[in-house]
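Here the structure is laid out as structure tokens; the discussion comes afterwards.
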Amino acid sequence: MYPTVAEVLALPVLRQGRPHVVAGVAGLDAPVRWAHVAEVADIAHLLRGGELVLTTGVALPDDGPALARYVADLAGVGAAGLVIELVRHWNDKLPAALVETAEKHGLPLVTLSRETRYVSVTEAVNGQIVDAQVAELRAAERVHETFTALTVAGAEPGVVLGEVARLTEQPVVLETLSHEVLAYDAAGVDPAELLTGWPARSRVVQIGERTGYHPGSGWLVTVVGARGHDWGRLVLVCADQPPHRHRVVAERAASALAVHRLVAKDVDGLERQAHRAVLHELLASPAPTAELLARASALAVPLTGRQLVGLAVRPKLTGNRPALSTPPVLRELAEATVLAARRAKVSALVATDDLGVRALIALSPEANADTVLHRLATDVHEARGSAPGVLAVGTTVSTPAEAGRTLLEAGQVAAAALGSGGERVLHRLSDVRLRGLLHLLSGDERVTAFAVRELGPLLQRDAASGSRLVQALRHYCEQGGNKSAAAAAAHTSRTAYYQQLARIEQVLGVRLEDPESMLSLYVALLAWDLTRSSEEDPPGRGAQ
């Protein structure tokens, strides 16, 4: 808002006086709050700081100690500089006491070798300051209007941060109070450079007020929160002391973000959204970029030099049928997973999808992955209580490039395990075996055609007569061909059940005691189950 001493000296009205800086060059960047003409020596106590004092020197003393005291008093009240005309009192040069004391205190001391109209100087300088203040007020009004509109529209955090970057032309980051990056706009700089090592860098930046500038880091920081509940910080990265306008932008943006969180309390929190975005890109990117790795690290989940394990959590109801994945259920699952990861003292990216929770666990190279995962799964099951779920993990991998594979495997294992009927605490790829293989092939039309070809006549018979021959066949296959055990599982008398088996053989034209026939029919049943499941949950669902 204010011009510097150097900028004032460059004005034409002063340049015609041939200004020469004789001391205090280091202070030329000091802002000039006002230009003030003063022809008395006892002027310091009337100043407020930031004034550029203009004098002809006619009222200044000639003895050294008095001149030194005069300059020291000006420096003591924070004067921006002292301009003396070498015309009326001193004609050639200033007394040494003036020059030496100004240099000692870093106060710019300027001489003018020509007579100068100080009234013109004050008009030019003070007019420039007033114009700048008016422009600042107008800019603040535009900022107010902009962020009021964003608040009313319920703008997402990314939109708000984009507006901050546009108005300030500086990178901006929204973080939690635990220094995890929720959103950012790099404003044209390298995102990887902006975010690398963010949590560690952020922890050392502490301010004693809601909004303040930290010169050591070059950060303008404002606290984000409402109703006495602070939950984040907005950081504007600017190497130099930011103008007041930037402070206004940061504070209005923080207010818009706080209101958005209050209004959007029924949707996923910003933390889960940030985690979801990183997980989505890991699934989509065969080679994670430096920016993506930096984003994960900024969420306190470093991916390099770690054991990485994909985790999928799916709710289920009795009978092993998938539960209705409503937002409250998904948030409960996600919260249980986050808390379990904290108890296990492991870093994790955790987000909801259409079917449940997807997570990437990052373990230290020395950690026992099996022990940690079993503890985490146990905690999730205990937290869910009467609403059980299926937890599945993918293969443990060692590079970020393999993260997508272990995430996909975890989802596939979870989907296959939902229909397995097992009560394991944790399901792995090796646990789902044939069912897992068929799930991997569930989108293949040839597998569907095989199931229809094997079971078609039986399905048609059940549909036409209301019989339950397919279910009878399922019990037979699941009991490994043991007819007595299958009858008991079907809660049917042996005589009636044996009649059902004879009818199945008649309809299909096969002998169930033939091992290959039973195996083929069991594979067809599993494939048919997956086909029906994919019709209820279309391909791609849950991959967000």
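All residue numbers refer to positions in the sequence shown, counting from 1. The analysis underlying the following values was restricted to heavy atoms, covering all of them including side chains, and did not include hydrogens, waters or symmetry mates. Keep in mind the model is a prediction, meaning the values are calculated, not measured.
- For Arg331 and Thr352, the side-chain atoms include no donor-acceptor pair closer than 3.5 Å.
- Checking side-chain atoms of Gln206 against main-chain N and O of Arg203 turns up a donor-acceptor pair under 3.5 Å.
- Checked by atom type and distance alone, the side chain of Arg247 pairs as donor or acceptor with a backbone atom of Thr211 at under 3.5 Å.
- In plain terms, the two heavy atoms of Gly162 and Asp185 that are nearest each other are CA-OD2, 3.3 Å.
- Looking at Tyr213, its side chain does come within 3.5 Å of a backbone N or O of Cys238 through a donor-acceptor pair.
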Note to self: If you apply the rule side-chain contact (heavy atoms from CB on, under 4.5 Å), what do you find for Val301 with Leu360, and how did you get there?
What the structure shows: CA-CA 9 Å; Val301 186; Leu360 182 66; over 6 Å; no
Note to self: Between Val21 and Val5, is the side-chain contact (heavy atoms from CB on, under 4.5 Å) condition met? List the steps.
What the structure shows: CA-CA 11 Å; Val21 181; Val5 175; over 6 Å; no
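- In this structure, Thr222 OG1 and Leu236 CG are separated by 10.5 Å, a value rounded to the nearest 0.5 Å.
- Put simply, the side chain of Val172 reaches to within 4.5 Å of the side chain of Leu234, judged on heavy atoms.
- Residue Asp240 qualifies as open at atom CG: its count of foreign heavy atoms under 6.0 Å is 12 or below.
- Nearest approach of Ile43 to Ala38, heavy atoms of both residues: CG1-CB, 3.7 Å.
- Within a 6.0 Å sphere centred on CZ of Arg210, other residues, nucleotides and ligands contribute more than 12 heavy atoms.
- Between the side chain of Arg245 and the main chain of Leu167, a donor-acceptor pair closer than 3.5 Å is present.
- Here the side chains of Leu270 and Leu257 are not in contact, with every heavy-atom distance at 4.5 Å or above.
- Phe147 is listed as a side-chain neighbour of Val164, based on a closest heavy-atom distance under 4.5 Å.
- Other residues, nucleotides and ligands contribute over 12 non-hydrogen atoms within 6.0 Å of the CD atom of Glu145.
- Summarising the local packing, CD of Glu39 is surrounded by more than 12 heavy atoms from other residues, nucleotides or ligands at distances under 6.0 Å.
- Put simply, the side chain of Ser202 never gets that close to the backbone of Pro199: no donor and acceptor are under 3.5 Å apart.
- A donor-acceptor pair shorter than 3.5 Å can be found between the side chains of Asp62 and His89.
- Taking 4.5 Å as the limit, every side-chain heavy atom of Ser297 sits out of range of all side-chain heavy atoms of Leu303.
- No donor-acceptor contact under 3.5 angstrom links the side chains of Glu163 and Thr146, judged on distance only.
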Checklist line | Leu60 and Leu67: CA distance, side-chain angles, deciding distance, side-chain contact (heavy atoms from CB on, under 4.5 Å) verdict | finding: CA-CA 7 Å; Leu60 297 182; Leu67 289 174; 4.2 Å; yes
Checklist line | Test salt bridge (Lys or Arg N to Asp or Glu O under 4.0 Å) applied to Arg48 and Glu51, step by step | finding: CA-CA 8 Å; Arg48 297 172 54 190; Glu51 294 89 355; 5.8 Å; no
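- Among all heavy-atom pairs drawn from Ala23 and Ala102, the shortest one is CB-CB, 3.9 Å.
- Counting all heavy atoms, side chain and backbone alike, Val350 lies closest to Ala334 at CG1-O, 4.0 Å.
- Using a distance-only test at 3.5 Å, with no hydrogens or angles considered, a donor-acceptor pair links the side chain of Thr289 to the main chain of Leu292.
- Between Asp353 and Arg314 there is a salt bridge, with a side-chain nitrogen of the basic residue lying less than 4.0 Å from a carboxylate oxygen of the acidic one.
- Put simply, the side chain of Glu335 never gets that close to the backbone of Leu333: no donor and acceptor are under 3.5 Å apart.
- No side-chain heavy atom of Thr176 sits under 4.5 Å from any side-chain heavy atom of Trp231.
- Side-chain atoms of His20 and Ser113, non-hydrogen and from C-beta on, never get closer than 4.5 Å to each other.
- Among all heavy-atom pairs drawn from Gly49 and Arg33, the shortest one is O-NE, 2.8 Å.
- Here the side chain of Asn126 pairs a donor or acceptor atom with the backbone of Ala35 at under 3.5 angstrom.
- With hydrogens and angles ignored, the 3.5 Å screen pairs no side-chain donor or acceptor of Arg343 with any backbone N or O of Arg375.
- Between the CG atom in Leu52 and the CG atom in Leu14 there is a gap of 7.5 Å [rounded to 0.5 Å].
- Remark: the backbone N or O of Ser398 is not paired with any side-chain donor or acceptor of Gln307 at under 3.5 angstrom.
- Distance check, rounded to the nearest 0.5 Å: CD of Glu7 to OH of Tyr2 gives 14.0 Å.
- Side-chain contact, Gln16 with Thr116: no donor N or O sits under 3.5 Å from an acceptor N or O.
- The minimum heavy-atom distance between Val83 and Tyr118, with the atom names listed, is O-OH, 3.8 Å.
- Counted by atom type alone, Thr395 and Glu409 present one or more donor-acceptor pairs between their side chains at under 3.5 Å.
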Next item on the list: Determine, stepwise, if the pair Trp198 / Glu180 fulfils side-chain contact (heavy atoms from CB on, under 4.5 Å).
Entry: CA-CA 8 Å; Trp198 182 272; Glu180 297 177 13; over 6 Å; no
